[in-house]
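The first residue of the sequence shown is numbered 1, and numbering continues consecutively from there.
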Amino acid sequence: MYDYDLLVVGSANADLVIGVERRPGAGETVLGSDLAVHPGGKGANQAVAAARLGARTALLARVGDDAYGRLLLDSQRSAGVDTVGVLVGGAPTGIALITVDPSGDNSIVVSPGANGRLAPDDVSAAGSLFHASRVVSAQLEIPLETVVEVVRNLAPESRFVLNPSPPRPLPQEVLAACDPLIVNEHEAKVILGSAAVGDGPEDWARILLAKGPRSVVVTLGAEGALVASAEGVTRVPSVKVSAVDTTGAGDAFTAALAFRLGAGESLAEAATYAARVGAATVTKEGAQASFPTAAEVAAR
């Protein structure tokens, strides 16, 4: 059968975080806190989140042959992710430079580095990983042409999950493979473009479905989510918690949903579980450090 419940194809970044009293203006220097370095990137985050839940997970990504690349590999392996698909070299590891002010607002500059070198040929060369995976998940922090190649290499019975972040218009070939396409409000409006009519997420979901995905999930933060398919539109309630840090919650939601879909749950059932995982994530600081285990989710 399948060796992996989930194959994640995507980005791996080192997050460099500095707290500041206020962000500097042009030409200005401000002092900040000690530098904190965390493993991140949407692809790496999703892989760790799924593995923590018990999914047999593999990651296809590219990192640099440097200290940040080793940090990311160590993080994946300690979570139980198979890193056979993580390529090393070609460019420095991707970096996110993040400043955070006392209110929690942040400014982020991303240097894609090795993420931008994850090429279609790398996907083609990893055909055995695709055929061994029940579900394949991707995001858009890697080149779009690489995501297109992911779709072309899917095994006949596998399922493709896409979170189009950062959002951009998608080719029909990619849209048609999504089952589901997972978007928040901002991502939905970018993909809909001039077709963004209607005031509510139910409207966005129906119009997105008409563009070709087999199913759609719209995440609504504290208001939960909704799922849409040919069977109709269903609301998924939120889980009430005291949020400490929302970093990585979307990645945890996507990973949990993809895992549970592969386990045979319906879209609504998988989204309900994913909402619980996302809620558990926001009760702790950080991204990967905050991802819960299956036992922690069950205990909530």
Side-chain angles (χ1 to χ4, degrees), residues 4 6-18 32-52 57-100 106-130 133 136-150 153 162-166 168 247-248 250-252 254-255 286-291:
Y4 303 106
L6 179 64
L7 168 63
V8 181
V9 185
S11 59
N13 289 331
D15 292 345
L16 278 55
V17 184
I18 299 177
S33 67
D34 291 343
L35 175 69
V37 181
H38 305 290
K42 297 189 77 63
N45 285 351
Q46 287 185 14
V48 168
R52 287 259 178 88
T57 308
L59 175 65
L60 175 57
R62 184 176 286 277
V63 299
D65 185 9
D66 50 36
Y68 294 138
R70 290 186 284 278
L71 168 75
L72 287 159
L73 282 167
D74 288 345
S75 172
Q76 294 293 311
R77 290 166 179 158
S78 66
V81 176
D82 191 335
T83 59
V84 66
V86 180
L87 306 167
V88 178
T93 299
I95 296 292
L97 302 173
I98 306 170
T99 58
V100 185
N106 58 31
S107 295
I108 304 174
V109 178
V110 175
S111 171
N115 296 312
R117 272 56 162 209
L118 187 65
D121 286 348
D122 297 327
V123 171
S124 300
S128 60
L129 276 178
F130 286 88
S133 302
V136 178
S137 174
Q139 326 78 39
L140 298 183
E141 289 184 335
I142 57 175
L144 183 57
E145 59 265 28
T146 303
V147 177
V148 172
E149 192 64 24
V150 167
N153 280 268
L162 177 66
N163 172 219
S165 179
R168 70 190 83 168
T247 305
D251 297 330
T254 297
Q288 293 184 17
S290 70
F291 295 151

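Of the possible donor and acceptor atoms, none in the side chain of Ser75 sits under 3.5 Å from a partner among the backbone N and O of Leu71. Arg62 places no side-chain N or O within donor-acceptor distance of the main-chain N or O of Ala91, the cut-off being under 3.5 Å. At least one donor-acceptor pair under 3.5 Å links the side chain of Ser11 to the backbone N or O of Lys42. Proximity of a side-chain donor or acceptor of Asn45 to a complementary backbone N or O of Ala252 within less than 3.5 Å is not detected. Looking only at distances, a side-chain donor or acceptor of Asp66 sits under 3.5 Å from a matching main-chain atom of Thr93.
Taking CD from Glu149 and CG from Leu118, the interatomic distance works out to 11.0 Å, rounded to the nearest 0.5 Å. Rounded to the nearest 0.5 angstrom, Ser133 OG and Leu6 CG are separated by 7.5 Å. Annotation: the span from Leu16 atom CG to His38 atom NE2 amounts to 9.0 Å, rounded to 0.5 Å. The CG atom of Asn13 sits 7.5 Å away from atom CG of Leu72, with the distance rounded to the nearest 0.5 Å. To the nearest 0.5 Å, atoms CZ (Arg168) and CG (Leu140) are separated by 5.0 Å.
Scanning all heavy atoms of the two residues, the minimum distance from Thr83 to Gln76 falls at CG2-CB, 3.6 Å. Pairing each heavy atom of Ala114 with each of Gly64, the nearest pair is CB-N, 3.9 Å. In terms of heavy-atom proximity, Leu97 sits nearest to Ile95 at CD2-CG2, 3.7 Å. Residues Val81 and Ala47 come closest through the heavy atom pair CG2-O, 3.5 Å. Residues Ile18 and Gly32 come closest through the heavy atom pair CG2-CA, 3.8 Å. Pairing each heavy atom of Ala96 with each of Asp15, the nearest pair is CB-OD1, 3.4 Å.
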Practice problem: Any chance you could lay out the side-chain contact (heavy atoms from CB on, under 4.5 Å) test for Asp122 and Thr146, step after step, and finish with the verdict? | Solution: CA-CA 8 Å; Asp122 297 327; Thr146 303; over 6 Å; no

Quiz item: So Gln288 and Asp251, side-chain contact (heavy atoms from CB on, under 4.5 Å) or not? Walk me through it.
Solution: CA-CA 9 Å; Gln288 293 184 17; Asp251 297 330; over 6 Å; no

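Under the side-chain contact (heavy atoms from CB on, under 4.5 Å) rule, Leu7 has a single partner from Leu129, Thr57, Asp82, Leu59, which is Leu129. Exactly one of Val123, Val84, Val8 qualifies for a side-chain contact (heavy atoms from CB on, under 4.5 Å) with Leu60. That residue is Val123.
For Gln46 and Ser137, the side-chain atoms include at least one donor-acceptor pair closer than 3.5 Å.
Side-chain contact check for Pro166 versus Glu141: some heavy-atom pair is nearer than 4.5 Å.
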